[in-house]
Amino acid sequence: MSNRNLQEVEALVPTTEESAVLSAFERFAFRVTHRMNLGRWKRFWTWCQSFFGAGWIHISTYNLMRIYGLEHIEAIDHSRPILIVANHRSFFDMYVVSTTLFRKTKWRKQLFFPVRGRFYYQNPLGMFVNLIMGWWSMYPPFFVTGRDPMPEKRAFDKYSMRRLAQLCMEGGGNVIGFHPEGTRNKTADPYSFLRPQPGVGKLIKDANPQVIPVFIAGLGNNLPKQVLGNWFGGDKIRLYFGEQLDLSQFITKKDHVRTYKEIGDFVMGKIAELGEADRGLHQKLTAEDTEEDKK
């Protein structure tokens, strides 16, 4: 089953009871986005994402991008899904990851980014942003997360977790981008991390995917400033891919919240290790650049 393409796998759909907790517009938004992530539609939007989306991100960042460890994601089994777990400090974190994968690797891939449903699935503007910024890849949605959770929609979130686990188990070339911290870290220290949420642990425990840690630094949240920095001396964007994680010690443990937290802590620890590698290298390169400027 794991070697089958997504197009050959029957996608899970929510039950009537799970859909009933959504508003009429939320159901409409989900049905449209769900359809756009299947079959020929998904292949079409993936092409748009790889050509147009990755194209403009490359044009906006090529002077700043520094990529390390790409050989680690090249070395894993591309006939199985890949779960990318990354720190989260910018709205644009997964955009630079996806651009790197589309431009620097050649194997077949299609991307999925689970998101909070409150914006992308609750109004036409959210759907429009999902189209023009994500090519519909901001899917599946979760509603019981973040600062203003909606517990009345918990039943639908259970479906979304099943669907996300399916994407992590079935479909060669599936790449799922996930932020274990759950929200953006807004502190000034790029090497600090928020406590990981248990959701990443449950997903890994349920699906047992190939997991690649990623550390991202140098991105801001001001889009015009970020784009202009490519030509006027912005911060270097550093992207570190780590080795595939060995999570076998956790897979055999009890299916319990404590296990999920242990997995989350382990994953964030590996991301932090990549952060320490960046700290040393970035400080060294910055010092060398300073010496060059003095000459």
If only atom types and distance count, is the side chain of [X] paired as donor or acceptor with the main-chain N or O of [Y] below 3.5 Å?
X      : Y      : answer
Gln110 : Lys42  : no
Ser19  : Thr16  : no
Ser90  : Phe92  : yes
Gln226 : Gly220 : yes
Thr259 : Lys254 : yes
Asn63  : Trp231 : no
Asn185 : Ser192 : yes
Tyr120 : Tyr139 : no
Glu181 : Met268 : no
Gln210 : Asp77  : yes

How long is the span from the [atom1] atom in [X] to the [atom2] atom in [Y], to the nearest 0.5 Å?
X      : Y      : atom1 : atom2 : value
Met65  : Thr99  : CE    : OG1   : 7.5 Å
Leu22  : Tyr121 : CG    : OH    : 11.0 Å
Leu219 : Phe91  : CG    : CZ    : 12.0 Å
Arg31  : Thr33  : CZ    : OG1   : 12.0 Å
Leu245 : Ile271 : CG    : CD1   : 8.5 Å
Trp107 : Ile73  : CH2   : CD1   : 5.0 Å

If you define the side chain from C-beta out and look only at heavy atoms, does anything of Phe143 sit under 4.5 Å from Val21?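 Not in contact.
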Min side-chain heavy-atom separation Arg184-Asp93 under 4.5 Å: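 Contact flag for Arg184/Asp93 side chains = no.
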Lys202: partners by salt bridge (Lys or Arg N to Asp or Glu O under 4.0 Å), with sequence neighbours left out: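 By the salt bridge (Lys or Arg N to Asp or Glu O under 4.0 Å) rule, Lys202 matches Asp206.
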Can you name the salt bridge (Lys or Arg N to Asp or Glu O under 4.0 Å) partners of Glu262, sequence neighbours left out?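 Only Lys253 meet the salt bridge (Lys or Arg N to Asp or Glu O under 4.0 Å) criterion with Glu262.
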Candidate pair Ser60 and Asn230, rule side-chain contact (heavy atoms from CB on, under 4.5 Å), full reasoning: CA-CA 6 Å; Ser60 302; Asn230 189 55; 5.5 Å; no
For [X] and [Y], work out which heavy atoms get closest and say how close.
X      : Y      : answer
Tyr95  : Gly134 : OH-N, 4.4 Å
Gly234 : Leu64  : O-CD2, 3.4 Å
Lys106 : Arg103 : NZ-O, 4.4 Å
His72  : Ile212 : O-CD1, 4.1 Å
Ser137 : Gln49  : OG-NE2, 3.3 Å
Ile216 : Ala86  : CD1-CB, 4.0 Å

Verify the cluster assignment for [X] and [Y]: are they in a single hydrophobic cluster under the rule of side-chain heavy atoms below 4.5 Å apart?
X      : Y      : answer
Val257 : Leu247 : no
Val13  : Leu38  : no
Tyr260 : Phe178 : no

Would Cys168 and Leu203 satisfy side-chain contact (heavy atoms from CB on, under 4.5 Å), going step by step from the backbone distance to the final call? CA-CA 8 Å; Cys168 286; Leu203 178 61; 4.0 Å; yes
Is the number of heavy atoms from other residues, nucleotides or ligands under 6.0 Å of [X] [atom1] greater than 12?
X      : atom1 : result
Phe25  : CZ    : yes
Arg35  : CZ    : yes
Lys261 : NZ    : no
Arg258 : CZ    : no

Under the 4.5 Å side-chain heavy-atom rule for ILVMFWY, direct or indirect, which residues accompany Leu194?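 Noted: Leu194 shares its cluster with no other residue.
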Classify the ring geometry of [X] against [Y]: parallel below 30°, tilted from 30° to 60°, perpendicular beyond 60°.
X      : Y      : answer
Tyr68  : Tyr240 : parallel
His179 : His88  : parallel
Trp47  : Phe51  : parallel

Under the side-chain contact (heavy atoms from CB on, under 4.5 Å) rule, what do Trp136 and Trp41 come out as? Steps first, then yes or no, please. CA-CA 10 Å; Trp136 298 112; Trp41 277 118; over 6 Å; no
Qualifying residue for side chain to side chain donor-acceptor pair (under 3.5 Å) with Glu18, from Arg154, Arg162, Lys153: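 When side chain to side chain donor-acceptor pair (under 3.5 Å) is applied between Glu18 and each of Arg154, Arg162, Lys153, only Arg162 qualifies.
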Determine, step by step, whether Gln122 and Glu26 satisfy the side-chain contact (heavy atoms from CB on, under 4.5 Å) criterion, reporting the C-alpha distance in whole Å, the side-chain angles of both residues, the deciding distance to 0.1 Å, and the verdict. CA-CA 5 Å; Gln122 289 189 325; Glu26 288 166 349; 2.6 Å; yes
